[in-house]
Engineer: 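Below is one structure. I have some questions about it.
These values consider heavy atoms only, across backbone and side chains, with no hydrogens, waters or symmetry-generated copies. Quantities reported herein were computed from a predicted structural model and do not represent experimental measurements.
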Amino acid sequence: MKEYGGYFSLEKVSDKCVSELPPAINFNTARNALSALIKQNKYKSIYYPRLMCGNVKKTIQQRFSNLQFKEYSVNELLEPELVITGSNISPLYYVNYCAIKDSFAKNLPEHSIIDNAQAFYTKPNNKNANIYSCRKFFGVPDGALLTCPTPLSQKLISYRNIHTRHLTLRHYQNASAGYSDYLKSEALLEKSVPAGMSKFTKQIMEHIDHKEIITKRERNYNILESVLGESNQLQFLLKQRESKTIPFCYPYLPKKATKEIKSLLIENQIYLPTYWQSVIDDTKATSWEKHFASKTLFLPIDQRYSESDMHHLLSKLNKYCTFSY
């Protein structure tokens, strides 16, 4: 039985596809790109959302003990519940959630930091810093990109401590076979210091058929939206997505959302992530933030899947969620 979701297998490449990386500073991880940005600009404080990756937050807090962290919540439109003005001394760190918030992110004040980890194909806003993750979109062992108004002075050496075993095991066997190696790779990346993207990842990134990937992601997203849109409690959010935005996943909030759905889907070899896990137990987080993080099903629509795969996914999901199919 084919598996859906979870970490990637090694990305498919082609000698016919040769493309340079976007004009940006390449790093081994997105959190290390953020660390380098903070160090370069000598920030004394930063506004950051409660609804963000807990590991990134933890790493930054450990590395910059003198940095003042000013938390903010996001409303139902996934926009900051604070007054944003150009006179803010502290930079605003904002997550472009599931690539839905392209339009909003474009209008953030200067010197904001836009986390585009879930929006790889979104063009950078040149007045702000923009951080991208290769691992969120492709089957590579490391890789991140940073664009910023002021060039970084720090010199970076290519990352060498890469692990690819999980990528090949998933490709030749299955997700379970490489899962323990995947966790080891993630643990090593979490402890890594700022470095340049590995030569291995860079070579893969330069031989990916991006046109094919974009076509598949758009097609798969549209298939799920055509069936699930009417029952999706996040439809008011998805309507904000720009038509030219390349999707990360299909966020689906069923009318009767329960925590058990993900466990039931795992039995059908459908592995769905829980993003922003730390906010679920955060006593300062809003009920909406907790609900969004814990109940939303982030359905895979990436380049690994065909049109028939999307219909198979829908048929399995229809066992536990009410929608017309």
Engineer: For Arg63 and Asn32, does a side-chain donor sit closer than 3.5 Å to a side-chain acceptor?
Structural biologist: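 Checked: Arg63/Asn32 side chains pair up, N/O donor to acceptor below 3.5 Å.
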Engineer: Would Ile214 and Tyr121 count as a side chain to side chain contact (heavy atoms under 4.5 Å, CB included) if you check the C-alpha gap in whole Å, the side-chain angles of each, and the deciding distance to 0.1 Å?
Structural biologist: CA-CA 9 Å; Ile214 288 170; Tyr121 290 105; 3.9 Å; yes
Engineer: Determine whether His163 and Leu188 make a side-chain contact, defined as any pair of heavy atoms from C-beta on separated by less than 4.5 Å.
Structural biologist: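 A side-chain contact under 4.5 Å exists here.
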Engineer: Could you check if a side-chain atom of Asn125 sits within less than 4.5 angstrom of a side-chain atom of Asn130, using non-hydrogen atoms only?
Structural biologist: yes
Engineer: Is the backbone N or O of Gly139 less than 3.5 Å from a side-chain atom of Glu11, with the two atoms forming a donor-acceptor pair by type?
Structural biologist: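 Judged by distance alone, yes, a pair lies under 3.5 Å.
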Engineer: Using a strict cut-off of less than 4.0 Å between a Lys/Arg side-chain nitrogen and an Asp/Glu carboxylate oxygen, indicate whether Lys284 and Glu289 qualify as a salt bridge.
Structural biologist: no
Engineer: Closest heavy-atom contact between Asn128 and Ala105?
Structural biologist: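 That closest heavy-atom pairing would be ND2-O, 4.5 Å.
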Engineer: For residues Tyr250 and Asn220, is any side-chain donor paired with an opposing acceptor at under 3.5 Å?
Structural biologist: no
Engineer: Looking only at non-hydrogen atoms, find the nearest pair between Met52 and Val56 and report the distance.
Structural biologist: CE-CG1, 3.9 Å
Engineer: For residues Thr122 and Asn116, is any side-chain donor paired with an opposing acceptor at under 3.5 Å?
Structural biologist: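 Not at all, the side chains of Thr122 and Asn116 share no donor-acceptor pair under 3.5 Å.
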Engineer: Are Phe120 and Phe138 close enough that their ring centres sit under 6.0 Å apart?
Structural biologist: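 That pair passes the under 6.0 Å test.
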Engineer: Roughly how far, to the nearest 0.5 Å, is the CG atom of Leu272 from the OH atom of Tyr252?
Structural biologist: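 Output value for this atom pair is 12.5 Å.
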Engineer: With ring centroids as reference points, do Phe69 and Tyr48 lie under 6.0 angstrom apart?
Structural biologist: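 Centroid distance Phe69-Tyr48: below 6.0 Å, so yes.
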Engineer: Indicate yes or no: at least one non-hydrogen side-chain atom of Tyr97 is less than 4.5 angstrom from one of Leu51.
Structural biologist: yes
Engineer: Establish, yes or no, whether the cationic atom of Arg50 lies under 6.0 Å from the six-membered ring centre of Tyr72 and within 45° of the ring axis.
Structural biologist: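 No, Arg50 does not sit over the ring of Tyr72.
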Engineer: According to the interplanar angle, ranging from 0 to 90°, do the rings of Tyr4 and His312 count as parallel (below 30°), tilted (30 to 60°) or perpendicular (above 60°)?
Structural biologist: parallel
Engineer: Which atoms form the tightest heavy-atom contact between Pro251 and Ile100, and what is the distance?
Structural biologist: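 What the structure gives for the nearest pair is CG-CD1, 4.2 Å.
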Engineer: Without swapping roles, check the side chain of Thr296 against the backbone of Ala293 for a donor-acceptor pair under 3.5 Å.
Structural biologist: no
Engineer: Given 3.5 Å as the limit, does a donor-acceptor pair link the side chain of Asn41 with the main chain of Tyr43, or not?
Structural biologist: no
Engineer: Would you check if Glu81 and Thr286 make a side-chain contact, meaning some heavy-atom pair closer than 4.5 Å?
Structural biologist: yes
Engineer: Locate the shortest heavy-atom distance separating Thr245 from Ala99; write the atom from each residue and the value.
Structural biologist: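 For Thr245 versus Ala99, the nearest heavy atoms are CG2-O, 3.1 Å.
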Engineer: Check whether NZ of the Lys or CZ of the Arg Arg170 lies under 6.0 Å from the centre of the six-membered ring of Phe8 and within 45 degrees of that ring's axis.
Structural biologist: no
Engineer: Hey, are the side chains of Asp102 and Asn96 touching, using non-hydrogen atoms and a 4.5 Å cut-off?
Structural biologist: yes
Engineer: Locate the shortest heavy-atom distance separating Lys290 from Ala285; write the atom from each residue and the value.
Structural biologist: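 Residues Lys290 and Ala285, closest heavy atoms: CE-O, 3.8 Å.
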Engineer: How many angstroms lie between atom OG1 of Thr147 and atom CD1 of Ile114, to the nearest 0.5 angstrom?
Structural biologist: 8.0 Å
Engineer: Would you say that more than 12 heavy atoms from the other residues, nucleotides or ligands in this model lie under 6.0 Å from the NZ of Lys58, or not?
Structural biologist: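 It does not: Lys58 NZ has 12 such atoms or fewer within range.
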Engineer: Heavy atoms, side chains only, cut-off 4.5 Å: are Val95 and Pro49 in contact?
Structural biologist: yes
Engineer: Test salt bridge (charged side-chain N to carboxylate O under 4.0 Å, His left out) on Lys106 and Glu242 and set out the steps.
Structural biologist: CA-CA 12 Å; Lys106 287 177 184 176; Glu242 293 184 356; 3.3 Å; yes
Engineer: Could you check whether Asp309 pairs with Lys2 (Lys NZ or Arg NE/NH1/NH2 to Asp/Glu carboxylate O, under 4.0 Å)?
Structural biologist: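 Looking at Lys2 together with Asp309, the answer is yes, because their closest N to O distance falls below 4.0 Å.
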Engineer: Give a yes or no on whether the backbone of Tyr94 and the side-chain of Asp115 come within a donor-acceptor separation of less than 3.5 Å.
Structural biologist: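 Flag not set: sc Asp115 to bb Tyr94 has no pair under 3.5 Å.
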Engineer: Dump the intermediate steps for side chain to side chain contact (heavy atoms under 4.5 Å, CB included) on Ser192 and Asn161, then the final yes or no.
Structural biologist: CA-CA 9 Å; Ser192 68; Asn161 195 21; over 6 Å; no
Engineer: Donor-acceptor pair, Ser112 side chain versus Leu108 backbone, under 3.5 Å?
Structural biologist: no
Engineer: Check whether any side-chain heavy atom of Thr201 sits under 4.5 Å from a side-chain heavy atom of Pro141, and report yes or no.
Structural biologist: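 Heavy-atom side-chain distance check passes, below 4.5 Å.
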Engineer: Checking Tyr305 side chain against Gly5 main chain: does a donor-acceptor pair fall under 3.5 Å?
Structural biologist: yes
Engineer: Count the heavy atoms belonging to other residues, nucleotides or ligands that lie under 6.0 Å from CD of Glu307, then report whether that count exceeds 12.
Structural biologist: no
Engineer: Enter the distance from Ile25:CD1 to Gln154:CD here, rounded to the nearest 0.5 Å.
Structural biologist: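 Answer for the CD1-CD pair, Ile25 versus Gln154, is 9.5 Å.
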Engineer: Could you go through the side chain to side chain donor-acceptor pair (under 3.5 Å) check for Ser14 and Asp209 one step at a time?
Structural biologist: CA-CA 7 Å; Ser14 172; Asp209 190 338; over 6 Å; no
Engineer: Salt-bridged, Glu71 to Lys57, with N to O below 4.0 Å?
Structural biologist: yes
Engineer: Counting only N and O atoms by type, is there a donor-acceptor contact under 3.5 Å from the side chain of Trp288 to the main-chain atoms of Asn75?
Structural biologist: yes
Engineer: If you draw a 6.0 Å radius around CZ in Arg219, do more than 12 non-hydrogen atoms from other residues or ligands fall strictly inside?
Structural biologist: yes
Engineer: Check step by step if side chain to side chain contact (heavy atoms under 4.5 Å, CB included) holds for Asp142 and Cys134.
Structural biologist: CA-CA 7 Å; Asp142 71 300; Cys134 301; over 6 Å; no
Engineer: Does Arg241 count as lying over the ring of Tyr221, i.e. NZ or CZ under 6.0 Å from the six-ring centre, within 45 degrees of the axis?
Structural biologist: yes
Engineer: Identify whether NZ of Lys or CZ of Arg in Lys101 sits under 6.0 Å from the centre of the six-membered ring of Phe104 and within 45° of that ring's axis.
Structural biologist: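 Positive - Lys101 is close enough to the ring of Phe104 and near enough to its axis.
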Engineer: For the pair Phe298 and Phe292, name the ring-plane relationship: parallel under 30°, tilted 30 to 60°, perpendicular over 60°.
Structural biologist: perpendicular
Engineer: So Lys70 and Ile46, do their side chains get closer than 4.5 Å, heavy atoms only?
Structural biologist: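 They are not in contact (no side-chain heavy atoms under 4.5 Å apart), so the answer is no.
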Engineer: Hey, are Thr274 and Lys262 close enough side-chain-wise for a donor-acceptor pair under 3.5 Å?
Structural biologist: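 The answer is yes; a qualifying pair exists.
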Engineer: Where the side chain of Asn28 meets the backbone of Met197, is there a donor-acceptor pair that is under 3.5 Å apart?
Structural biologist: no
Engineer: Apply salt bridge (charged side-chain N to carboxylate O under 4.0 Å, His left out) to the pair Lys244 and Glu218, showing each step before the final yes or no.
Structural biologist: CA-CA 9 Å; Lys244 61 182 179 180; Glu218 289 178 328; over 6 Å; no
Engineer: Check whether Arg217 reaches the backbone of Phe248 with its side chain - one donor and one acceptor, N or O, closer than 3.5 Å.
Structural biologist: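 Yes: the side chain of Arg217 pairs with the backbone of Phe248.
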Engineer: Can you confirm whether Gln62 is buried at CD, in the sense that more than 12 heavy atoms of other residues, nucleotides or ligands lie under 6.0 Å from that atom?
Structural biologist: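 Counting other residues, nucleotides and ligands, CD of Gln62 exceeds 12 neighbours.
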Engineer: Do Tyr7 and Asp181 have side-chain atoms, one donor and one acceptor, less than 3.5 Å apart?
Structural biologist: no
Engineer: How close do Cys321 and Ile261 get, counting heavy atoms only, and between which atoms?
Structural biologist: SG-CD1, 3.8 Å
Engineer: Pair Ile266, Tyr271 - check side chain to side chain contact (heavy atoms under 4.5 Å, CB included), show working.
Structural biologist: CA-CA 5 Å; Ile266 288 174; Tyr271 311 116; 4.0 Å; yes
Engineer: Answer yes or no: does atom NZ of Lys202 have more than 12 heavy-atom neighbours from other residues, nucleotides or ligands under 6.0 Å?
Structural biologist: no
Engineer: Consider only side-chain N and O atoms of Gln118 and Tyr132, and report whether a donor and an acceptor are under 3.5 Å apart.
Structural biologist: no
Engineer: Can you find a side-chain donor-acceptor pair between Thr150 and Gln40 that sits under 3.5 Å?
Structural biologist: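 Their side chains do not contain a donor-acceptor pair, so the 3.5 Å distance test is not met.
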Engineer: Short question: side chain of Asp302, backbone of Arg304 - any donor-acceptor pair under 3.5 Å?
Structural biologist: yes
